[in-house]
Each structure stands twice: as structure tokens, then as C-alpha cells.
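Structure in C-alpha cells, see below.
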Amino acid sequence: EVQLVESGGGLVQPGRSLKLSCAASGFTFSDYNMAWVRQAPTKGLEWVASISYGGSNTHYGDSVKGRFTISRDNAKSTLYLQMDSLRSEDTATYYCARRGSSGYFDYWGQGVMVTVSS
Amino acid sequence: DIVLTQSPVLAVSLGQRATISCRASQSVSISSINLMHWYQQKPGQQPKLLIYRASNLASGIPARFSGSGSGTDFTLTIDPVQADDIAAYYCQQSRESPHTFGAGTKLELK
């Protein structure tokens, strides 16, 4: 059974940093591209970042480019999102998702809440 | 960026057909491959993949869900609607980065 379990969320002040983790199991992690998708309270879904299966290619949404870094450790089957210079508008539930071959997200974690507030 | 437009709310009766539309600001198809996907999200839960590449049913999804469309116009159909289908539905394109989502359609009971 595919499982994605996020951790690392919480309350953080504006301008500070936070690192999210996503532990994957039930599939060969190193065979799949992965992504982070977020959802602000009562809002829709926003793609944040993606990373290729080997980790060499990364892509970011315009709203986080230059502030967030996606990475992975295939030996640990874990995906990361380093979030720097956090803003109030980054407040959201962050989902880890596995990407299918055509760019869809076929499995999602339960999500982790990040609140940016003073 | 490719903008995906969805109606905010659709009211339906149980047992009837629900048709949810998604219009893209430019084509999301490459040759015969339609890079449009659909998700269901219930309150407090993560999204779930329903349909990929416009018309392919994801694993474990009931056959009352179906998808169609090409180019810029796509449709998710639920027939017949059951009580468990009351949720928000999102379309998503993977034709171009950023891989944008529609704002979602909330399916409500009439």
C-alpha cells in the first residue's frame, strides 16, 4: 500500500524557516517524480514544487521560487521542502504527492499544516 | 500560465447526473494526449485522483465517474450521483509548467 506521511509543520514567525519531510513507503521511491502541493485555508489547490526521480531536475511555482527548495533522499525514501523567508501568505496545508507519468498526482499524503504568523 | 476555469458550485439531486466543466485558457492537448486530470476532495481530507489524461479512470474509482474532452474544454460526469460524492472537484493541467489547478467546483445537494 502506497503511503506518504508528512511531518515538520507548525507555527512560525514571518521571515523564519521551516523544513517539511515526507516519508514514502509501499513503492519504489526512486522510480517516481514527486511534488509538493499546498492549500490555503478555505482555498483551492496550488502546485508548489516538483522534483525528478533522481533529484537532478526541480521546478517551482512563481510564488515560492527563490525561497523554497525541494529535495529528496532516495536511500531514505524521503522528500523534503525547505521553506525560507516565510510569509503570511504561505500559511496552508502542505501535501506531498507522487507524480504519475503524465504529470498527474496519483497518491497524496494526509497533509501538514504550516502557519506563518507573529 | 494556463488558467483553468470551473463553476464554483453545482447543485444536483441524488440519483441524477452531475456534469462538471473545466475550461483552459489554451489547449492542454499534445497530439491525441489530453493532459487534464480530475480530483475529488472531501472536507478535512487530502485530494484523490479520479480521472487522468481526461478520460482514464484511476484505480479503485467507481465507474459512475467518467471524463471527456480535448483541447480547452473538459467535463467530469458523475452518473448517478450518490451521497458519498458530495465534495469539491478540481481539474489540473500538466501541459505546461506551472501545472495549474482550477479553483474547484463544490457539488451540493439540491
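Chain letters run A, B, ... following the sequence lines, proteins first, then strands; residues in each count from 1.
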Go through the atoms of B/Gln45 and report whether side chain, backbone, both or neither lie under 4.5 Å from a heavy atom of chain A.
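Just its backbone gets close to chain A.
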
Tell me, side chain or backbone of A/Ser63 under 4.5 Å from chain B's heavy atoms, or both, or neither?
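Contact with chain B is absent: no heavy atom of A/Ser63 under 4.5 Å.
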
Against the six-membered ring of A/Tyr80, is A/Lys19 placed for a cation-pi contact (under 6.0 Å from the centre, within 45° of the normal)?
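The answer is yes; both the distance and angle limits are met.
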
Which one of B/Ser94, B/Gly104, B/Pro43, B/Ser59 has the most heavy-atom pairs closer than 4.5 Å to chain A?
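Greatest number of close heavy-atom pairs with chain A: B/Ser94.
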
With the threshold set at 4.0 Å, does a side-chain nitrogen-carboxylate oxygen contact exist between A/Asp106 and A/Arg98?
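Yes.
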
Quick one: does A/Met113's side chain get under 4.5 Å of A/Pro41's, heavy atoms only?
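Yes - at least one pair of side-chain heavy atoms lies under 4.5 Å apart.
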
For chain A, the option from B/Lys48, B/Gln93, B/Gln41, B/Met36 that forms the most heavy-atom pairs under 4.5 Å
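Of the candidates given, the most pairs with chain A belong to B/Gln41.
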
Please confirm whether A/Arg38 makes a cation-pi placement over A/Tyr95, using NZ or CZ under 6.0 Å from the six-membered ring centre and within 45° of the ring normal.
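Output no; distance or angle outside limits.
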
Using the benzene-type ring in the case of Trp, are the ring centres of A/Phe105 and A/Trp47 under 6.0 Å apart?
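Here the rings of A/Trp47 and A/Phe105 have centres that are no less than 6.0 Å from each other.
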
Structural part of A/Gln39 lying under 4.5 Å from a heavy atom of chain B:
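Just its side chain gets close to chain B.
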
Looking at A/Gly100, A/Ala35, A/Ser102, which one has more heavy-atom pairs under 4.5 Å with chain B than the rest?
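The option with the most such pairs is A/Ser102.
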
